[in-house]
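Below is one structure, written out as C-alpha cells, with a few remarks after it.
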Amino acid sequence: MSQRETPPVLLATHGLSLSFGGLKAVDGMSLSIAQGSISGLIGPNGAGKSTLFNLIAGYHQPDSGRVELEGEDITSLDPHVLFGKGLLRTFQIPREFGTLTVLENLMMVPSGQTGETFFGAWFRPGRVSAEERALREKAEDILEFLEITHVANLPASQLSGGQKKLVELGRTMMADPKIVFLDEVGAGVNRTLLYSISNAIQRLNRERGYTFCLVEHDMQFISELCDHVTCMAEGRMLAQGKATDILSNEEVIDAYLGRGKAAKGTGVQ
Amino acid sequence: MTDILNAFSHITSLLVIPGLAYASQLAFGALGVTLIFGVLRFSNFAHAEGMSLATMFCILITVWLQGASVSIAPLPTALIAMFLAIPLVALVFIGTDRALYKHFRAINAKPEVFMIVSAGIMLISNGVIRVVIGPEGQSFADGERFILTAREFREWTGLTEALVLKTSQLLSIVLALIAGGLLFWFLNRTQMGRSMRAYSDNRNLALLSGVDPNKIVWVTWILVAVLSVMGGVLFGLDKGYRPFVFQQMLLPMFAAAVVGGLGSPVGAVVGSMVVAFSELLLTFAWKKFLAYLLPTGLAPESLMQILATEYKFAISFLILVIVLLIKPTGLFGRATK
C-alpha cells in the first residue's frame with residue numbers, strides 16, 4: 001500500500017449506543033477501521049469494548065447509531081448474514097463445538113456449496129463429494145498454517161485454551177473474511193502460543209489481506225501488532241491514534257490506573 | 001439335535017425377528033424425538049401423533065393408488081405412497097413450526113413452554129386424525145405378506161417349529177438400516193449435516209459462524225417427516241394401523257431416546273434395541289423354548305413369562321426411571337450446559 005494515500009475505510013460506526021437498563025454500555029461510539037489495517041481497541045474492564053464488538057457483529061441491536069461495512073449499512077443484521085458479508089468475530093473465552101472434531105469445527109462453516117443445500121446433499125452426491133474433498137483440503141491447509149494438524153481428529157472440547165483460540169481463528173479463515181474482530185485473543189495463553197497467534201495474525205494480514213480489530217489488555221501485544229489504537233472508557237471514546245502515542249497518553253493511563261474520574265465525560269480525541 | 005434346532009427356530013421366529021423389526025420401527029420414532037431435542041431443544045410430545053398423521057396421509061394415498069391399480073407387487077403399495085406422503089407431511093410439520101414453534105423460538109421461550117405447545121399440537125392432530133380417517137383400524141397392507149411361511153419352512157427343514165418371516169418385518173429392518181445409514185452419512189459427511197450438529201452443540205456460536213437458523217429448522221423438520229412417514233408406515237404394515245396405537249408408542253420412543261442419550265442419533269438406535277428387546281424378553285413365554293432344551297421331566301408347566309404382556313408399557317417406564325436415576329445423560333449423551 002502506498003504511504004501517501006490513506007487506505008479506504010472498511011468499517012465505520014456512527015454514534016453507536018446501547019444501554020442495559022440504566023447502564024450506558026456503549027455511548028455514542030464513532031470509529032473507523034481502514035482497509036488492510038490491524039487496529040486495537042483498549043480500555044479498562046467494563047469500558048464497553050466487548051459490547052461494541054457485539055453490536056458490530058450483530059449480536060446485540062443498538063439503541064441508536066449505525067454500522068457500515070464498505071459504505072453499506074449493516075446495522076442490526078443477523079450474525080449469520082454478517083458472516084456471509086465477511087464480518088467475523090472470535091470470543092474472549094474461546095467457544096468451540098465440543099462434540100465436533102477440530103477438523104469438523106472448521107468444516108462446518110457454510111460456504112454456499114451444493115452439500116450445504118438440503119436437496120443438493122441427496123440428489124447430487126457426486127458433486128457433493130468433490131466439494132467435500134475441496135473443503136477438507138482447505139481445512140487441512142488452515143490447520144497446517146496454524147500448526148495444529150496433530151489435533152485435527154480430536155474432539156474440540158479436549159484442546160487447551162490457546163489451541164481453541166487457534167481453532168476459532170481457523171474457523172474465521174474458512175470463510176475468507178474481510179474483517180475479523182478478535183476479542184482478547186491473547187488472554188490466558190502462554191507466551192509460545194501467543195507468539196504463534198500474533199505471527200498468524202500478521203501473516204494473514206500481509207499475505208491474505210485480512211483486516212483485524214483486536215480487543216486486548218496486553219499492551220506489548222497491542223504495540224507489536226497494531227497500527228492504530230482506540231481507547232474506550234465508560235462506553236465512550238477516550239483517545240485514538242498511533243499505538244505509541246496512545247500508550248503514553250495521560251488520559252489513557254489515568255483510565256487504566258483507576259483515577260478515572262478525570263476521564264469522565266471527556267469524549268474528545 | 002432336532003430339539004435344539006426347534007428351540008432356535010422358535011425364538012428366532014417369535015423373539016429375534018419381531019424384536020429386530022420392532023426395534024427398527026422404534027428407532028425411526030426415537031431418531032425423530034432425538035433430532036428435535038438435539039436441534040430444536042424440546043421434547044416433542046406430538047411426535048407419536050405426528051407419526052400417526054404421517055401414516056394416515058400414506059394410507060389415503062395408498063388407497064388412491066390401489067384405486068388407480070398402481071402396484072409394485074410383491075411389495076406393498078404403501079412403499080410408493082410413502083414417497084408421495086413425505087413432502088405433504090414435511091409441509092404439515094414446517095407449517096406447524098411456522099405457525100407456532102417459530103413464535104416461541106423468537107421470544108426465547110423455555111423448553112417447558114415448547115413441551116406444552118407440543119402437547120397442544122398432539123391434541124389437535126389427534127382430533128384431525130379422528131375427523132379424517134376415523135378411530136377404527138385400517139388395513140392397508142397388500143402384496144406378498146410372507147417371505148417365509150410356516151408351511152414352506154416345515155416342508156423345507158422338517159422341523160416342528162417354523163421360522164416365519166413377514167415382508168413387513170424384513171422391510172422394517174432393511175429400510176431402518178438404509179435410512180439410518182443415510183442419516184449418519186448426512187450428519188457426518190455433508191456440510192449441512194455438520195452445520196446441524198454445530199447448531200445443536202452451540203446455537204449462538206453456530207449463528208456467529210454463518211449458520212442460517214431457519215434453514216436448520218426446515219431441514220430438521222424435513223428429516224423428521226421422512227423418519228415419521230417411514231416409521232409410521234412400517235409399524236402400520238407390521239401391526240395394522242390403529243390411529244391411537246401410536247400414543248402408546250410415545251413412551252417407548254422417549255425411553256429409547258433417553259437410554260441412548262437425548263440428542264444422540266447413535267444413542268437413539270441403540271436405545272431402541274434396548275427397549276424393544278427388554279419388552280420382548282420380559283414378556284416372552286419361555287415355556288416352549290425350555291421344553292425343547294430341558295430334559296423331558298423338567299419341562300415347565302406354566303408359561304414361564306417374567307411379566308404378563310399387559311405390563312409391556314411398564315417396562316419402558318421402568319427403563320426410563322432407571323436411566324434417569326443412574327445415568328441421566330444416557331449411554332451416548334453429553335451433559336447439558
Side-chain angles (χ1 to χ4, degrees), chain A residues 53-54 57-59 78-91 94-101 103-122 124-125 128-129 131-136 139 155-157 168 170-172 174-175 177 181 183, chain B residues 38-39 83 86-87 90 94 106 178-179 181-226 261-267 329 332-337:
Chain A
F53 265 30
N54 284 335
Y59 200 59
D78 283 340
H80 75 270
V81 179
L82 291 173
F83 187 95
K85 293 184 180 292
L87 188 153
L88 278 60
R89 69 160 298 179
T90 67
F91 295 91
R95 301 187 183 181
E96 77 288 338
F97 300 109
T99 55
L100 274 61
T101 68
L103 196 64
E104 284 176 330
N105 261 270
L106 264 57
M107 289 175 70
M108 61 68 60
V109 174
S111 54
Q113 293 179 316
T114 321
E116 200 207 316
T117 64
F118 181 68
F119 294 103
W122 302 99
R124 312 185 74 167
V128 170
S129 70
E131 285 170 354
E132 184 75 6
R133 267 195 304 279
L135 196 66
R136 181 174 291 269
S157 56
E168 277 208 311
R171 199 163 43 233
T172 63
M174 286 299 286
F181 288 83
D183 198 349
Chain B
V39 181
F83 288 100
I86 286 170
I94 290 173
I178 295 175
L182 282 175
L183 182 67
F184 286 105
W185 171 78
F186 177 75
L187 289 176
N188 291 304
R189 294 278 177 270
T190 69
Q191 179 134 43
M192 188 77 228
R194 266 191 301 268
S195 294
M196 268 180 79
R197 283 165 55 219
Y199 184 84
S200 151
D201 185 306
N202 188 336
R203 189 188 290 186
N204 286 332
L205 183 57
L207 298 185
L208 292 169
S209 306
V211 172
D212 180 350
N214 295 319
K215 214 160 161 187
I216 299 289
V217 171
W218 279 52
V219 171
T220 306
W221 284 115
I222 293 173
L223 288 177
V224 170
V226 173
L262 273 169
S264 158
V266 182
T329 51
F332 299 89
R334 61 199 150 86
T336 43
K337 284 173 229 162

**OP:** Look at A:Ala57, A:Pro79, A:Ala175 and state which one has the largest set of heavy-atom pairs under 4.5 Å with chain B.
**Re:**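 So the answer, after comparing A:Ala57, A:Pro79, A:Ala175, is A:Pro79.
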Spatial distance of atom [atom1] ([X]) from atom [atom2] ([Y]) [nearest 0.5 Å]:
X	Y	atom1	atom2	answer
A:Glu96	B:Ser209	CD	OG	11.5 Å
B:Asp201	A:Arg95	CG	CZ	12.5 Å
A:Met107	B:Arg189	CE	CZ	8.0 Å
A:Leu82	B:Leu207	CG	CG	11.5 Å

Original post:
Does the pair A:Glu131 and B:Gln191 meet the rule for a side-chain contact (heavy atoms from CB on, under 4.5 Å), with working shown?
Top reply: CA-CA 10 Å; A:Glu131 285 170 354; B:Gln191 179 134 43; over 6 Å; no
Original post:
Between B:Leu208 and A:Phe83, what is the shortest heavy-atom contact and its length?
Top reply: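 Minimum heavy-atom separation between B:Leu208 and A:Phe83: O-CD1, 3.2 Å.
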**OP:** Assess whether atom CZ of B:Arg203 is packed by more than 12 heavy atoms of other residues, nucleotides or ligands within 6.0 Å.
**Re:**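 Yes, because the 6.0 Å sphere around CZ of B:Arg203 holds more than 12 heavy atoms from other groups.
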Original post:
Is the number of heavy atoms from other residues, nucleotides or ligands under 6.0 Å of B:Phe184 CZ greater than 12?
Top reply: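 Yes.
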Original post:
So what's closer than 4.5 Å to chain B heavy atoms on A:Arg171: side chain, backbone, both or neither?
Top reply: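 Interface part for A:Arg171: side chain.
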Original post:
Non-hydrogen atoms of chain B under 4.5 Å away: do they reach the side chain of A:Leu100, the backbone, both or neither?
Top reply: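 Contact with chain B involves both backbone and side-chain atoms of A:Leu100.
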**OP:** With sequence neighbours left out, write down each residue that passes ring pair (Phe, Tyr, Trp, His ring centres under 6.0 Å) with A:Phe53, or none if nothing qualifies.
**Re:**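 For A:Phe53, the residues satisfying ring pair (Phe, Tyr, Trp, His ring centres under 6.0 Å) (neighbours in sequence not counted) are A:Phe181.
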Subject >> side-chain contact (heavy atoms from CB on, under 4.5 Å) between B:Leu205 and A:Met108, worked out >> reply: CA-CA 11 Å; B:Leu205 183 57; A:Met108 61 68 60; over 6 Å; no
Subject >> With sequence neighbours excluded, residues passing side-chain hydrogen bond (donor to acceptor under 3.5 Å, both in side chains) with A:Asp183 >> reply: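 Only A:Ser50, A:Arg89 meet the side-chain hydrogen bond (donor to acceptor under 3.5 Å, both in side chains) criterion with A:Asp183.
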